Structure formats: structure tokens, C-alpha cells
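Note sheet for the following structure.
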Amino acid sequence: MDYSLSSKKSLRGDITIPPDKSLSHRAVMFNSLADGNAKISNFLMGEDCLSTISVLRELGVKIEVSSDSVITYGKGINSLSEPNKILDVGNSGTTIRLMSGILAGRNFECTLDGDSSIRKRPMNRIIKPLNMMGAKISANNNNENAPIHFNGGNLQKIEYELPVASAQLKSALILAGLRSENGIKINEKATSRDHTERLLSNMGADITTDGLEITVKPSEIESRDITVPGDISSASFWLVAACIHKDAELTIRNVGINKTRSGIISVLERMGASIEFFNEKDYSGEPACDIHIKTSYLKGTEISGSEIPLLIDEIPILALAAVFAEGQTKIIDAEELRYKESDRISLTVNWMKKAGAIVEELQDGMIITGNQMINGGTFSSNGDHRLAMTLGIASLVSKDNIIVNNPEASNVSYPGFWEKLNLLGE
Ligand code: S3P
């Protein structure tokens, strides 16, 4: 399928963004391992989170799904049973990595696999420490690529320094640590999203965080009803749209603003965005608020170091903001972006160059010259949801029409994105 999109004269509206993807995965996974029933309200019914539900069901967990909520019937941390088939995670990196921590050292065999993008993504980063703990896990290409096969083992304590600032890796190890003989101690290089630590300790797990060090002791967990806030990664498309459009004013509701996720807000504020926050609320231990944002005069900036993990998924859309900012924007220390659903450095640089922007590709990022514009043309999402939506936002401000090939990739995290884009503004 292709969409042909043209720019809009003005952008006004009130937007309720989809529920947070990271939190939806965690809420259903952890409650499936808990003792007791739980209702997860405002659950993201995107393809990735539905993959998590189908994997858990294959492992014997009873889960009921209605239009926007999920009920889990957990029977405890050791209750999973041997599946009858290969566990398919689809396109979801969070599912394959967190489930690996959950499946390590179980008393049954099973295999996790996914689509062609998942099969290219690095898995040795999780397999290596899990095997050091005593799991018996193997995978293709020297344990680098899915399918990943689990063959029992007995988990023991390790002390492990994470080689990359990855919340998926950290979470896999925390989940294995809950079931290992003496827990686990993990050191992070830089802070990555902390939803796992927050939610598990809220559910009664013994987890302590001291700076960049996380200590987990073997624990059972209790079920918790959870309401998921809106996803800041999905909000980021509208945040940038409002800033770069010449006549825009948007209100975005219930945006999760956990500090380990809100790097995009700090960067947009630094670039000069006209942004206000109100109606702060607590969603099951996660802060959220409404955001008012309008047309802004942006300046270029540098995004680097420990800021990168706090906005890792927002770099493709921030790169678009940089095209419309005064001066240069430099994004470095972001090589991780090459190992996401696609190589997001190369694909972002390529589509922007093709659209007439001046961008230089670096191994770990890019340098974008500001004060440019975006021409029209035909671009592919390459099956990557965040690139599909970045192209959609680019169409709002492009000189000529933008044609997006494979736009439906956005369903992974944002069902309804294109309908909202169509309805918004004129
Ligand atoms: C996620 C963590 C991030 C992010 C991904 C979701 C999570 O990946 O890119 O979209 O839910 O833990 P890494 O932590 O591996 O960088």
C-alpha cells in the first residue's frame, strides 16, 4: 500500500495518543508471572504488544483481551508450561529480549523467533550473560541471531556490567535475576528507561537501585491493576509537527513523562520549543501530563552521551526537527540506532538527502544543516514504524506531495496514526 500526502495550511487539535508500548509489554508480562488476577487498562493494542500476549498464551497463561484492556490470570513466577510450537514475537524486540530473561533456566525447552527484521538484530548481548548465569541458550550465527533456543539450566548469581545502555538487556537480566539462586547485580553505563525496576518493585519484587547499580534478589511478585499512560514516543511525532509547522497549536493528552523517557522534551526545550505542561497525574507509579505546544523558532543543538538512551526512539523525528532549525544539529554516540527495527541512521540520512536536506552520515549519528526544507518524493518506511510516521509528519511541511510506501508499518506502535494525520488541521 502507498499513501500520497500533501502539506496542510494549519494544524490545530487535541490529540489522545496511544498507550505506552514499553509499559504495555511489561504490565502484561509481569502480571502473567504474578500470583493473582490483574486488569491492565489503556493497554496498547498494537502488533508488538499483541505478539507478547500470544507468546504468553502459548506458555499457558490465561489472558482475556477486550477493546482497550487486558485481564491476566497469573499463577506465579514458576507457572509457565512448555509451548506446543515456536514462539513468534513478530517484529517486537522488547518481546524477544524480555521473554528471553523470563524463559532462561526453565525446566522445559522452547524457541523464540520473529520476522526478518528480528532475525537481523543482535541477540548475543542477552544470550551471553544469561548463559553466564547458567542458562542453556543457543542461537544462529554464534548465538547472535534468532531463532533463540532455550534448553533449561540452573540460574546462579552474576555481577554484570552492561556493554550497552539498553533497557531491553537490563530488563531481561532483572527478570532472570528474580529466579536465580542469589539474584543478580547489574551495572549500567548510562541510565536507560526504568519501567521494569519501577513496576517490579511496585509488585513486591526485591530490587534496589543505587545510581547506575541495580541489585535484584530472588522474589515472587504480586499482581497489580495497572493503567498505562500515553506513549511519549508516539507523542513525539506531534510534538515535532507542532514545532516545525508554520501555523500550529496542539494539545496532547496523558503523555508519560518518566525522566528516563523524556529526553525529547529536554532537547526540544533547549532548541527553543514553545511548550507547556499541565494536569500532572500518576499512572500506577508513572508520571504523565497534558502538553500544549505550538509553532516554534528552533535552534540547532548537540545530542550526545548519556542523553541518547533517554530519547533513542525519537532520533528519526528529532532529525526532521533539526532540518527546520537555525544552525547545525549534531547527533553522536547513537550507534545503537543502527540495530533497531532497521538501521535508523542510514535510512534517516538517506530519505532526508533524497528530500533535499543537507545531512552528513556518521558511524554513530549524523550532522544536519538547519534552515532547509523538505521536497516531496516517494519514500519507503522500510517496514519500520517510526520511519513511516516520520515521513507522515514530513508531509505536513513538505514542498510537494510525499508518497509513503508501506505506511502500515506504523501499526506496530500507533494504530490509527494515519487517520489522525488526515483529520488534523486543514
Ligand atoms: C525498549 C527499549 C529500547 C527501545 C525500544 C523499547 C523497551 O531499546 O528502543 O523501542 O521497552 O525496553 P533498548 O533498550 O534495547 O535500546
Side-chain angles (χ1 to χ4, degrees), residues 18-30 43-44 46-49 51-52 55 89-102 114 117-118 120-129 146 162-175 186 188-200 212 214 228-229 231-237 256 258 260-264 286 305-318 333-345 348 364-365 383-390 409-410 412-414:
D20 190 87
K21 182 157 81 70
S22 290
L23 279 164
S24 296
H25 281 297
R26 287 160 171 81
V28 70
M29 280 182 197
F30 304 170
F43 182 87
L44 175 64
E47 286 167 4
D48 271 11
C49 298
S51 294
T52 288
V55 165
V89 306
N91 189 246
S92 178
T94 305
T95 311
I96 199 163
R97 299 220 173 93
L98 270 63
M99 285 308 304
S100 292
I102 290 173
S117 150
I118 278 290
K120 285 190 213 123
R121 298 182 65 181
M123 295 298 153
N124 194 36
R125 56 176 63 181
I126 46 166
I127 295 174
K128 183 177 159 197
L162 305 181
V164 275
S166 158
Q168 293 179 348
L169 167 57
K170 172 177 67 175
S171 302
L173 297 182
I174 291 174
L175 287 161
I186 302 163
E188 287 197 272
K189 276 194 160 138
T191 303
S192 63
R193 65 192 68 190
D194 65 357
H195 304 305
T196 298
E197 298 89 304
R198 280 183 192 231
L199 185 51
L200 283 177
L212 293 172
I214 301 155
V228 178
D231 197 324
I232 190 167
S233 299
S234 299
S236 70
F237 298 103
N258 175 322
T260 62
R261 289 289 297 284
S262 59
I264 182 158
E286 293 278 348
S306 56
E307 196 163 39
I308 297 291
L310 313 180
L311 46 71
I312 187 75
D313 292 338
E314 287 66 75
I315 293 176
I317 191 68
L318 275 171
D333 304 323
E335 194 174 346
E336 260 305 283
L337 268 193
R338 293 197 182 272
Y339 311 110
K340 294 291 174 189
E341 286 83 330
S342 67
D343 177 343
R344 287 185 177 154
I345 294 182
T348 298
D364 65 344
D384 186 318
H385 55 131
R386 305 213 188 273
L387 288 173
M389 292 185 275
T390 301
S410 60
V412 153
S413 61
Y414 201 146

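Note that this is a predicted model, so its numbers are computed, not measured. Just so you know, residue 1 is the first one in the sequence shown, and it goes up from there. Order of listing sets the numbers, starting from 1, for every ligand and every atom in it. Every heavy atom of this structure was used, including side-chain atoms; hydrogens, water molecules and symmetry mates were not.
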For this session: Show the protein residues that qualify under the rule heavy atom under 4.0 Å from an atom of ligand 1, listing them in chain and number order.
Result: Ser22, Arg26, Thr94, Ser166, Ala167, Gln168, Arg193, Ile312, Asp313, Lys340
For this session: May I ask you to decide whether Asp194 forms a salt bridge with Lys170, counting only side-chain N to carboxylate O separations under 4.0 Å?
Result: no
Problem set entry | Any side-chain heavy-atom pair of Arg193 and Asp313 under 4.5 Å | yes
Exercise. Do Asp48 and Thr94 come within less than 4.5 Å of each other through their side chains, counting heavy atoms only?
Worked result: no
Exercise. With side chains defined as the heavy atoms from C-beta onward, is the minimum distance between Ile96 and Met123 less than 4.5 Å?
Worked result: yes
Problem set entry | Basic-acidic side-chain contact under 4.0 Å: Arg125, Glu336 | yes
For this session: Please check if any side-chain donor atom of Lys21 sits under 3.5 Å from a side-chain acceptor atom of Ser233, or the reverse.
Result: no
